[in-house]
Amino acid sequence: MDFKYTLINWYSAHKRDLPWRKTKNPYNIWLSEIILQQTQVKQGLPYYEAFTSNFPTIFDLATASETEVLKLWQGLGYYSRARNLHTTAKHIVNEFNGVFPNTYKDLLKLKGVGDYTASAISSIAFNEVAAVVDGNVYRVLSRYFGIKTPINSTVGIKEFKKLASNLIDTKQPDIYNQAIMEFGALQCKPKNPNCHSCPLCKSCVALQKKSIDSLPVKVKKTKVSTKYFNFLVCIDSSNKTLFQKRTHKGIWQNLYQFPLIETEKSLSLEEFQLLDIKNVLSNTYIKDYALYNETDIVHKLSHQHLYTKFWIIEVDRLSKEAISIDALTKYPSPVLISTFIENFKF
DNA sequence: AATACGGGGAG
DNA sequence: CTCCCAGTATT
């Protein structure tokens with residue numbers, strides 16, 4: 001049987017029951033696709049439920065504040081997705097009267113929508129013949145056709161896009177695109193793929209050549225930097241603390257944190273004393289301070305390992321921008337911070 | 001063409 | 001530990 005029909009048959013028998021597969025509404029499809037970028041279905045699912053529940057329509061999302069959107073996104077990572085999601089919602093409401101763009105070409109213009117997402121929305125919501133190429137597709141195609149071109153090289157990206165475009169079922173691009181992705185996620189998995197029960201095993205080049213485990217080929221190796229973070233957890237006599245928005249570009253932009261001092265290495269209590277924390281706290285009188293965690297809390301991200309100390313600083317009276325400790329959880333914050341807030345007994 | 005951008009799951 | 005995940009934007 002033909003490649004595409006084999007996949008579609010497999011899909012009809014094995015597909016998961018997922019909420020975004022029950023709708024053709026482009027808003028819901030778009031939302032699911034943004035959430036699922038670099039994110040496994042299992043992790044993204046509860047966020048999709050939360051967003052559709054809190055923002056049933058694009059108008060609800062557009063009307064919300066960015067802080068509300070980021071709070072709901074908290075814990076999912078890659079927060080530019082949430083900021084772009086909000087920007088695009090406002091754009092579609094204000095410029096297009098809430099009507100979603102319905103072609104690959106126009107979808108591609110939206111912030112946070114690249115080649116994959118434009119293909120996914122146009123095909124799934126509008127039945128446009130646009131082939132998706134995500135991590136699953138790279139894996140399935142590289143194995144089935146035995147392609148060793150690195151999937152993250154410029155030529156590889158073009159080669160796989162072209163191949164996927166030639167393979168797509170032009171009569172049902174929505175079903176085909178989801179079929180090949182689901183096949184990659186459940187059957188042709190990265191580790192221990194189910195080749196024994198694979199409907200494509202007879203014609204799979206990598207299986208014949210015993211090169212399943214070496215495909216797809218990737219050329220990258222991300223280098224990880226180490227950073228040392230000191231968070232100043234202030235508590236004043238009226239149970240207020242300082243919580244600040246990270247406004248600069250980069251990691252965790254527009255999320256909230258305790259005042260941060262980054263150092264070249266992990267600090268001892270004595271070395272911490274030498275820091276100019278009075279300046280950070282705008283000359284507030286410091287009554288006492290202590291280190292919360294004896295050993296550094298190591299927060300590991302894709303590109304950074306953060307060695308973190310939380311310093312508990314008891315002060316007389318904080319400046320008026322201080323917020324109530326009870327209000328801390330209303331603000332969106334990185335997992336590193338929100339986990340501390342949950343564990344620390346204020 | 002490289003790099004930055006999170007956090008969690010699987011082996 | 002390493003690799004991967006329904007990738008995109010920026011440099």
Side-chain angles (χ1 to χ4, degrees), chain A residues 11 15-16 18 20-21 29-48 70 73-85 87-88 107-121 123-124 130-140 150-158 160-161 164 174 176-186 188-193 213-225 227 246 248-255 298-306 332-339:
Chain A
Y11 181 65
K15 67 177 177 182
R16 289 168 287 186
L18 299 169
W20 47 85
R21 291 186 175 152
I29 303 296
W30 166 62
L31 189 54
S32 72
E33 293 301 342
I34 302 298
I35 288 173
L36 291 174
Q37 287 170 5
Q38 292 294 285
T39 303
Q40 297 189 166
V41 166
K42 185 178 178 182
Q43 188 188 4
L45 187 52
Y47 287 83
Y48 177 82
L70 283 172
W73 199 272
Q74 179 177 301
L76 196 56
Y78 284 168
Y79 296 94
S80 66
R81 290 183 293 170
R83 297 191 301 269
N84 288 334
L85 187 80
T87 299
T88 292
L107 287 161
L108 201 52
K109 297 173 185 168
L110 302 175
K111 273 217 169 59
V113 175
D115 182 84
Y116 163 77
T117 306
S119 302
I121 300 172
S123 63
I124 297 172
V132 295
V133 184
D134 73 335
N136 295 305
V137 176
Y138 279 122
R139 188 168 54 255
V140 172
I151 60 172
N152 51 351
S153 63
T154 304
V155 291
I157 292 168
K158 291 177 69 176
F160 281 95
K161 178 72 179 183
D174 53 339
Y176 171 82
N177 273 341
Q178 295 184 79
I180 190 169
M181 290 192 284
E182 189 80 334
F183 184 79
L186 302 182
C188 194
K189 300 176 294 178
K191 298 288 171 60
N192 305 320
D213 291 333
S214 59
L215 291 173
V217 174
K218 239 181 186 176
V219 285
K220 244 161 225 163
K221 32 185 168 237
T222 58
K223 56 173 190 287
V224 179
S225 65
K227 292 185 175 177
R246 292 178 64 100
H248 58 86
K249 293 191 66 173
I251 192 174
W252 300 332
Q253 187 181 2
N254 292 0
L255 272 65
V298 185
H299 191 70
K300 292 183 177 179
L301 306 174
S302 300
H303 293 73
Q304 302 178 26
H305 287 358
L306 308 176
S333 62
V335 166
L336 176 61
I337 303 296
S338 59
T339 300

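The figures that follow rest on heavy atoms only: side chains count, while hydrogens, waters and symmetry mates do not. Being a predicted model, the structure only gives us computed values, none of them experimental.
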Whichever of A:Lys223 and A:Lys42 has its nearest DNA chain B nucleotide further upstream toward 5': A:Lys223
Distance check needed: [N] [atom2] versus [X] [atom1], whole Å only.
| X | N | atom1 | atom2 | answer |
| --- | --- | --- | --- | --- |
| A:Lys189 | B:dG11 | NZ | P | 6 Å |
| A:Ile35 | C:dA6 | CD1 | C1' | 12 Å |
| A:Asn152 | C:dC5 | CG | C1' | 15 Å |
| A:His303 | C:dC3 | NE2 | P | 14 Å |

Categorize [X] for me: base, sugar-phosphate, or nothing, with a 4.0 angstrom heavy-atom threshold over every strand shown.
| X | value |
| --- | --- |
| A:Trp20 | base |
| A:Asp115 | sugar-phosphate |
| A:Thr117 | sugar-phosphate |

What pairs of nitrogen or oxygen atoms, one from the protein and one from nucleotides 6-8 of chain B, lie under 3.5 Å apart?
from: B:dG6; atom 1: OP1; to: A:Tyr78; atom 2: N; distance (Å): 3.4
from: B:dG6; atom 1: OP1; to: A:Tyr79; atom 2: N; distance (Å): 2.9
from: B:dG6; atom 1: OP2; to: A:Trp252; atom 2: N; distance (Å): 2.8
from: B:dG6; atom 1: O4'; to: A:Tyr78; atom 2: N; distance (Å): 2.9
from: B:dG6; atom 1: N7; to: A:Tyr78; atom 2: OH; distance (Å): 3.4
from: B:dG6; atom 1: N7; to: A:Ser302; atom 2: OG; distance (Å): 2.7
from: B:dG6; atom 1: O6; to: A:Tyr78; atom 2: OH; distance (Å): 3.0
from: B:dG6; atom 1: N1; to: A:Gln38; atom 2: O; distance (Å): 3.2
from: B:dG6; atom 1: N2; to: A:Gln38; atom 2: O; distance (Å): 3.4
from: B:dG6; atom 1: N2; to: A:Thr39; atom 2: OG1; distance (Å): 3.3
from: B:dG6; atom 1: N2; to: A:Leu76; atom 2: O; distance (Å): 3.2
from: B:dG7; atom 1: OP1; to: A:Tyr79; atom 2: OH; distance (Å): 3.1
from: B:dG7; atom 1: OP1; to: A:Val335; atom 2: N; distance (Å): 3.1
from: B:dG7; atom 1: OP2; to: A:Trp252; atom 2: NE1; distance (Å): 3.4
from: B:dG7; atom 1: OP2; to: A:His299; atom 2: NE2; distance (Å): 2.8
from: B:dG7; atom 1: N2; to: A:Gln43; atom 2: OE1; distance (Å): 3.3

Taking atom [atom1] in both [N] and [M], compute the distance separating them and give it to the nearest angstrom.
| N | M | atom1 | value |
| --- | --- | --- | --- |
| C:dT8 | B:dG9 | C1' | 22 Å |
| C:dT10 | B:dG6 | P | 14 Å |
| C:dA6 | B:dT3 | P | 25 Å |

So which protein N/O to nucleotides 9-11 of chain C N/O distances come out below 3.5 Å?
from: C:dA9; atom 1: OP1; to: A:Gly112; atom 2: N; distance (Å): 2.5

Under 3.5 Å, is there a donor-acceptor pair between the side chain of [X] and the main chain of [Y]?
| X | Y | answer |
| --- | --- | --- |
| A:Ser153 | A:Ile151 | no |
| A:Arg83 | A:Asn254 | no |
| A:Arg81 | A:Ile35 | yes |
| A:Gln304 | A:Ser225 | no |
| A:Asn177 | A:Ala130 | yes |

Along DNA chain C (nearest heavy atom to each residue), the more 5'-positioned of A:Lys218 and A:Ala118: A:Lys218
Residue among A:Lys15, A:Lys189, A:Arg16 satisfying salt bridge (Lys or Arg N to Asp or Glu O under 4.0 Å) with A:Glu182: A:Arg16
Qualifying residues under salt bridge (charged side-chain N to carboxylate O under 4.0 Å, His left out), relative to A:Lys109, sequence neighbours excluded: A:Asp106
Whether A:Tyr138 and A:Phe160 hold their rings parallel, tilted or perpendicular, with breakpoints at 30° and 60°: perpendicular
Pair A:Gln37, A:Tyr116: side-chain N/O donor-acceptor within cut-off below 3.5 Å: no
